[in-house]
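Working notes, beginning with the structure itself.
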Amino acid sequence: MPSPPGGFEVPLWRALAVFRLASLAYVCALAVRDADRYAQPYAVGALVLVMMTWTGATALAYARPAWRRWPLLLADLGVVLAVVLATPWVVGRTALTHGVPTMGVAWMAGPVLAWAVSGGRRRGTIAALLVAGADLATRERIGQSSFTGVILMLLAGVVVGHVARLAAGAEQRLQRAVELEAATRERERLARGIHDSVLQVLALVQRRGADLPGEAGELARLAGEQEAALRALIAGAGPTPGVALDGPDAAAVDLRTLLGRYASSAVALSAPATPVPLPRRVAGELAAATGAALDNVGRHAGGRAWVLIEDEGETVTVSIRDEGPGIPDGRLAEAAAQGRLGVTQSIRGRVIELGGTVRIASGPEAGTEIELTVPRAQR
């Protein structure tokens with residue numbers, strides 16, 4: 001099938017245009033050198049003019065992806081075959097017998113390469129056989145040099161066609177990878193938002209209403225079922241192709257202001273005396289990750305928590321420490337497998353997406369410290 005107008009094939013079409021111009025210059029040089037040996041020198045001049053015109057026309061036509069179709073490909077092959085078959089008359093069989101080159105020379109390989117780029121090895125081979133057959137038909141004696149030219153043309157059609165198909169395949173795989181990455185990033189962002197809102201509300205309803213009698217207890221049970229189902233959906237659903245991410249808002253905000261809303265009698269906030277400016281998106285994601293960490297403190301550790309903001313110039317670090325029972329070994333991996341993505345997505349996922357790092361230090365009855373570090377400058 002015709003190749004798509006992919007970016008990876010653009011250099012091949014440009015290289016083809018350069019090849020045709022260079023081979024045309026070679027034909028013109030030979031025409032000047034052998035002008036006194038041609039049977040029809042004026043016809044040779046007219047033929048060279050036709051070749052010049054067609055070279056310019058194909059260079060412009062192949063530059064447009066929509067025109068790289070059968071009408072142009074067949075016309076290109078037809079013009080070159082006509083030039084090759086006219087050789088015995090304009091050059092003369094006597095001159096050909098004495099070693100004067102045919103009119104096509106290297107220029108006649110142009111449609112072979114065009115067919116190869118547009119359709120791969122098979123098209124390139126077909127075009128090479130047609131052009132080579134026409135060239136052999138113009139010769140009275142076929143020697144080793146004639147077959148050498150045929151073999152070189154076949155090799156050019158096969159190799160260029162193979163490279164063109166590899167380029168088209170690579171571009172398609174790259175496009176799918178970009179779409180998959182964008183869709184995955186969007187899915188993770190949505191999962192973090194769901195965890196920060198819907199899942200926490202459902203979990204709260206389940207905990208508060210589990211021991212209540214009547215319809216309240218039934219609602220709590222249903223909330224628990226929906227929470228489990230939603231967690232399974234977030235953990236296992238595949239990404240939707242074609243989803244794109246919005247560009248970040250680069251406006252700077254003071255991180256102290258965003259984290260100040262978490263300060264309370266149970267949360268102590270320590271921050272520099274001067275503003276800690278960060279791009280709005282970076283500050284928002286870092287504040288959301290801090291909020292998710294504090295929510296985990298409230299649900300699993302209880303007691304007090306301490307938040308420390310450190311402005312280190314090129315990076316900013318937020319540390320969240322509690323005095324709870326700590327995180328047992330393997331608990332985070334187990335929670336992620338169960339669809340509980342508080343640490344995996346709402347905390348670690350946010351920070352890693354910003355190009356930062358997350359360090360978690362925890363021990364039995366020694367509390368937990370989560371250190372979130374992000375670069376100030378975003379790519």
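Within a 6.0 Å sphere centred on CZ of R93, heavy atoms belonging to other residues, nucleotides or ligands number more than 12.
Side-chain N or O atoms of R256 include one that pairs as donor or acceptor with a backbone N or O of P272 at under 3.5 Å. Remark: the backbone N or O of T368 is paired with a side-chain donor or acceptor of D322 at under 3.5 angstrom.
For the pair T148 and L152, the minimum side-chain heavy-atom distance is below 4.5 Å. Side-chain contact between R376 and E314: absent, with no pair of heavy atoms (C-beta onward) separated by less than 4.5 Å. At least one side-chain heavy atom of L269 sits under 4.5 Å from a side-chain heavy atom of I309. Side-chain contact between V318 and L308 is absent, with no heavy-atom pair separated by less than 4.5 Å. Side-chain contact check for M52 versus L24: some heavy-atom pair is nearer than 4.5 Å. Within the 4.5 Å cutoff, the side chain of P111 has no heavy atoms near those of the L130 side chain. In this structure, the side chains of E369 and I320 stay at 4.5 Å or more apart for every pair of heavy atoms. A 4.5 Å side-chain heavy-atom check between M51 and S23 finds every atom pair outside the cut-off.
Salt bridge absent: E353 and R348 never bring a charged side-chain N and a carboxylate O closer than 4.0 Å. Under the 4.0 Å criterion applied to side-chain N and carboxylate O atoms, R350 and E285 are assigned as salt-bridge partners.
Screening L30, V84, V48 against M103 for a side-chain contact (heavy atoms from CB on, under 4.5 Å) leaves a single residue, V48. The side chain to side chain donor-acceptor pair (under 3.5 Å) test with T317 is passed by exactly one of E312, E310, E371, R359: E312. Across Q172, E179, E171, a single residue satisfies side chain to side chain donor-acceptor pair (under 3.5 Å) together with Q175, and that is E179.
Transitive grouping of hydrophobic side chains (ILVMFWY, heavy atoms separated by less than 4.5 Å) brings L74 and I126 into a common cluster. Both V267 and I370 are members of a single hydrophobic cluster when ILVMFWY side chains are connected at heavy-atom separations under 4.5 Å. No single ILVMFWY cluster, assembled from side-chain heavy atoms under 4.5 Å apart, contains both V50 and V90. The hydrophobic clustering, which links ILVMFWY residues whose side-chain heavy atoms are closer than 4.5 Å, places W13 and L21 apart. In the hydrophobic cluster analysis, where Ile, Leu, Val, Met, Phe, Trp and Tyr join through side-chain heavy atoms closer than 4.5 angstrom, I360 is grouped together with V307.
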Would D254 and T257 count as a side-chain contact (heavy atoms from CB on, under 4.5 Å) if you check the C-alpha gap in whole Å, the side-chain angles of each, and the deciding distance to 0.1 Å?
CA-CA 6 Å; D254 188 355; T257 302; 3.8 Å; yes
side-chain contact (heavy atoms from CB on, under 4.5 Å), that's the test. Do R123 and L73 meet it? Break it down for me.
CA-CA 10 Å; R123 272 193 202 175; L73 293 171; 3.6 Å; yes
Between R176 and E181, is a salt bridge (Lys or Arg N to Asp or Glu O under 4.0 Å) present by the stated rule, with each step listed?
CA-CA 9 Å; R176 287 196 296 267; E181 180 184 6; over 6 Å; no
Using salt bridge (Lys or Arg N to Asp or Glu O under 4.0 Å), reason through E9 and R165 one step at a time and then give a plain yes or no.
CA-CA 9 Å; E9 289 186 359; R165 290 305 91 199; 3.2 Å; yes
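Smallest separation of non-hydrogen atoms from Y262 and A287: OH-O, 3.2 Å. Residue A43 comes nearest to W89 through the heavy atom pair CB-CZ3, 3.7 Å, listed as atom of the first residue, atom of the second, then distance. Nearest approach of A164 to L12, heavy atoms of both residues: CA-CD1, 3.8 Å. Here the closest non-hydrogen pair linking A283 and L255 is O-CD1, 4.0 Å. Between P65 and R69, the shortest heavy-atom distance links the atoms O-NH1, 3.4 Å. Closest non-hydrogen pair, G157 versus A116, comes out as O-CB, 3.4 Å.
Distance OG/S118 to CG/D76: 10.0 Å, rounded to 0.5 Å. Taken to the nearest 0.5 Å, the CG atom of L372 stands 12.0 Å off from the OG1 atom of T315. Of the inter-residue distances, the one linking L278 atom CG with L354 atom CG reads 9.5 Å to the nearest 0.5 angstrom. To the nearest 0.5 angstrom, D135 atom CG is 6.5 Å from M153 atom CE. Distance check, rounded to the nearest 0.5 Å: OG1 of T138 to CG of L136 gives 7.5 Å. Rounding to the nearest 0.5 Å gives a distance of 4.0 Å between OH of Y62 and CG of L72.
Note: W70 and W115 have perpendicular aromatic rings, judged against thresholds of 30 and 60 degrees for the angle between ring planes.
In this structure, the ring of W54 has its center no less than 6.0 angstrom from the ring center of W107.
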